[in-house]
Amino acid sequence: MSKNTNIPSEICNLFNKNRLPLVVSTFNKLVESLHLGNADLGGRKRENCQLTNLQVFQLLVLMPFFSVVNAFNYSGSVLSRMFGGKKDMLYSFMSQDNIDWRNIIYRITVKLISNVTCRQDYRKSTLPSVLIADDTDLPKSGLHIESIGKIFSHVHQSCILGYKMLALCWSDGRSQFILDASLHGETGKVEGKEQGLTAKQREARYQRKRDEDSCSAKRKNEYFMGKGEKLIEMVKRCIRARIPFDYLLVDSWFTCKGLVKFVCHSHRRFHLLGNPIKQECYDRIKNKGNYNKYSHDVTILIRNS
């Protein structure tokens, strides 16, 4: 296969025009509209490499459509037989520090949202557009993972080994797309057992030297950042990207004074839907007079007016 080969186009050539699957055709148009090049995906590879970074990225995006669950299963898949390469090719591509995955995912999602909002059914719909923020546990079993540590799980009401993930998605009541995500850890409260691990366990974790200006290093700097603070950054980015939304829906532990202040003073008008569990936060909302109470304080709607 030539390094100038456009993999989505090659997939389309397998079908005649009358039997071309709509999903493949739509996917091809989406990839072309992103205008991604090798410079956005880690730069040019060595001349002896079988596939370019752009072609490897196209394969990664195509994998779910061909029932390839992950990179480990790529070697025996149809895509591997068609375009060559082994799983190590995918692993080495994804481990590059200079690829801005956050920006790539954002570009894809913004394009998908723009395709949704221009449709007639969206314009006629009475359903609001919502940003949904939530955090979840990512349990792990190995102690040799980079920056791994113990976190408090609200589900198990105990400390478990793993990460916390903060995710922000967009929904119009019919479609739902992921916008951003970040991994977080907890420092712990016991001196000498940071992150709930002994010194020996912390030293045994995988470590990697990175350029301070690389995308991976910047993401790692967010690891011990407060999730509430990171959420505000995510919403600010949505505002800069002019993503349409009417509400920000959050869990109770996100509804704090900082988030309320941000919503009330934002130049972008939207509403915060959450449940302040702290009395001081509730008093602040009540004193401003721009709130509605529903179902015995289960939900507080904060209006940005």
Side-chain angles (χ1 to χ4, degrees), residues 8 26-43 53-65 90 93-119 122 128-136 138 163-184 210-211 213-223 225-250 254 259 262-263 266-268 270:
T26 304
F27 166 79
N28 192 22
K29 293 178 182 178
L30 172 63
V31 172
E32 291 178 351
S33 65
L34 295 176
H35 303 293
L36 289 172
N38 288 311
D40 302 304
L41 300 167
N53 280 330
L54 179 59
Q55 290 172 331
V56 176
F57 172 75
Q58 292 171 343
L59 286 175
L60 282 173
V61 181
L62 276 169
M63 280 167 52
F65 298 99
L90 302 179
F93 171 74
M94 292 187 289
S95 65
Q96 295 182 83
D97 294 329
N98 56 342
I99 299 180
D100 191 351
W101 288 107
R102 173 170 281 156
N103 182 53
I104 292 172
I105 293 173
Y106 222 85
R107 288 167 68 173
I108 295 174
T109 305
V110 169
K111 183 62 180 178
L112 290 172
I113 292 176
S114 65
N115 290 344
V116 169
T117 53
C118 69
R119 287 166 24 185
Y122 174 85
S129 299
V130 184
L131 290 181
I132 305 172
D134 196 12
D135 66 334
T136 187
L138 297 178
Y163 301 107
K164 286 280 189 180
M165 185 184 76
L166 171 63
L168 182 71
C169 69
W170 179 91
S171 175
D172 65 344
R174 296 182 179 87
S175 307
Q176 183 168 305
F177 305 112
I178 183 71
L179 275 168
D180 206 344
S182 59
L183 292 180
H184 297 268
R210 294 184 173 91
D211 185 351
D213 296 326
S214 67
C215 298
S216 296
K218 293 176 182 178
R219 293 294 292 266
K220 191 173 181 179
N221 290 337
E222 303 170 358
Y223 189 64
M225 186 178 182
K227 287 179 288 184
E229 182 182 357
K230 187 59 192 177
L231 173 59
I232 293 175
E233 282 191 7
M234 291 180 175
V235 177
K236 285 181 178 179
R237 185 171 188 181
C238 292
I239 295 173
R240 289 195 300 269
R242 299 184 179 181
I243 294 175
F245 66 96
D246 305 302
Y247 294 89
L248 172 61
L249 177 61
V250 297
F254 286 112
L259 185 59
F262 164 70
V263 173
S266 175
H267 69 278
R268 171 72 160 78
F270 64 96

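The figures that follow rest on heavy atoms only: side chains count, while hydrogens, waters and symmetry mates do not.
- The CD1 atom of Ile108 sits 11.5 Å away from atom CZ of Phe177, with the distance rounded to the nearest 0.5 Å.
- Across Asp134, Val130, Ile132, a single residue satisfies side chain to side chain contact (heavy atoms under 4.5 Å, CB included) together with Cys169, and that is Ile132.
- The shortest side-chain heavy-atom distance between Asp97 and Asp211 does not fall under the 4.5 Å cut-off.
- Under the 4.5 Å side-chain criterion, counting only non-hydrogen atoms from C-beta, Ile99 is not in contact with Asn53.
- With sequence neighbours left out, the side-chain hydrogen bond (donor to acceptor under 3.5 Å, both in side chains) criterion links Asp40 to no other residue.
- For Glu229, the side-chain contact (heavy atoms from CB on, under 4.5 Å) partners two or more places apart in sequence, or in a different chain, are Met225.
- How far NE2 of His184 is from CG of Leu138: 11.0 Å, rounded to the nearest 0.5 Å.
- Shown here are the side-chain hydrogen bond (donor to acceptor under 3.5 Å, both in side chains) partners of Lys220, two or more places apart in sequence or in another chain: Glu146.
- Counting heavy atoms from C-beta outward, Met63 and Leu90 have side chains that approach closer than 4.5 Å.
- Using a 4.5 Å heavy-atom threshold, the side chains of Pro244 and Ile113 count as touching.
- With rounding to the nearest 0.5 Å, the separation of CG in Leu248 from CD1 in Ile232 is 9.5 Å.
- You'll find the side chain of Leu59 stays beyond 4.5 Å of the side chain of Phe93, heavy atoms only.
- Looking only at side-chain heavy atoms (C-beta outward), Leu131 and Tyr247 stay at 4.5 Å or farther from each other.
- When each of Leu41, Thr109, Val61 is paired with Ile104, the side chain to side chain contact (heavy atoms under 4.5 Å, CB included) condition holds for Leu41 and for no other.
- Of all the heavy atoms in Ser182 and Arg102, the pair that sits closest is CB-NH2, 3.9 Å.
- Looking at residues two or more places apart in sequence or on another chain, you find a side-chain contact (heavy atoms from CB on, under 4.5 Å) between Asn103 and Asp100, Arg107, Arg237.
- Within the 4.5 Å cutoff, no side-chain heavy atoms of Met234 are placed close to those of Leu179.
- A search for side-chain hydrogen bond (donor to acceptor under 3.5 Å, both in side chains) contacts involving Tyr163 returns nothing, not counting sequence neighbours.
- Residues satisfying the ring-ring contact (aromatic ring centres under 6.0 Å, His included) test with Phe245, not counting sequence neighbours, are Phe270.
- With sequence neighbours left out, Lys218 forms a side-chain contact (heavy atoms from CB on, under 4.5 Å) with no residue at all.
- Legend: residues meeting side-chain hydrogen bond (donor to acceptor under 3.5 Å, both in side chains) with Lys230, ordered by chain and number and at least two apart, are Glu222, Glu233.
- Residues Leu259 and Val235 are not in side-chain contact: their nearest non-hydrogen atoms beyond the backbone lie 4.5 Å or more apart.
- Residues forming a side-chain contact (heavy atoms from CB on, under 4.5 Å) with Arg119 (at least two apart in sequence, or on another chain): Val116, Asp121.
- Within the structure, side-chain hydrogen bond (donor to acceptor under 3.5 Å, both in side chains) pairs that include any residue of residues 166-179 comprise Ser125-Arg174 (at least two apart or interchain).
- Side-chain atoms of Ser266 never come within 3.5 Å of backbone atoms of Val263 as a donor-acceptor pair (strictly under, hydrogens ignored).
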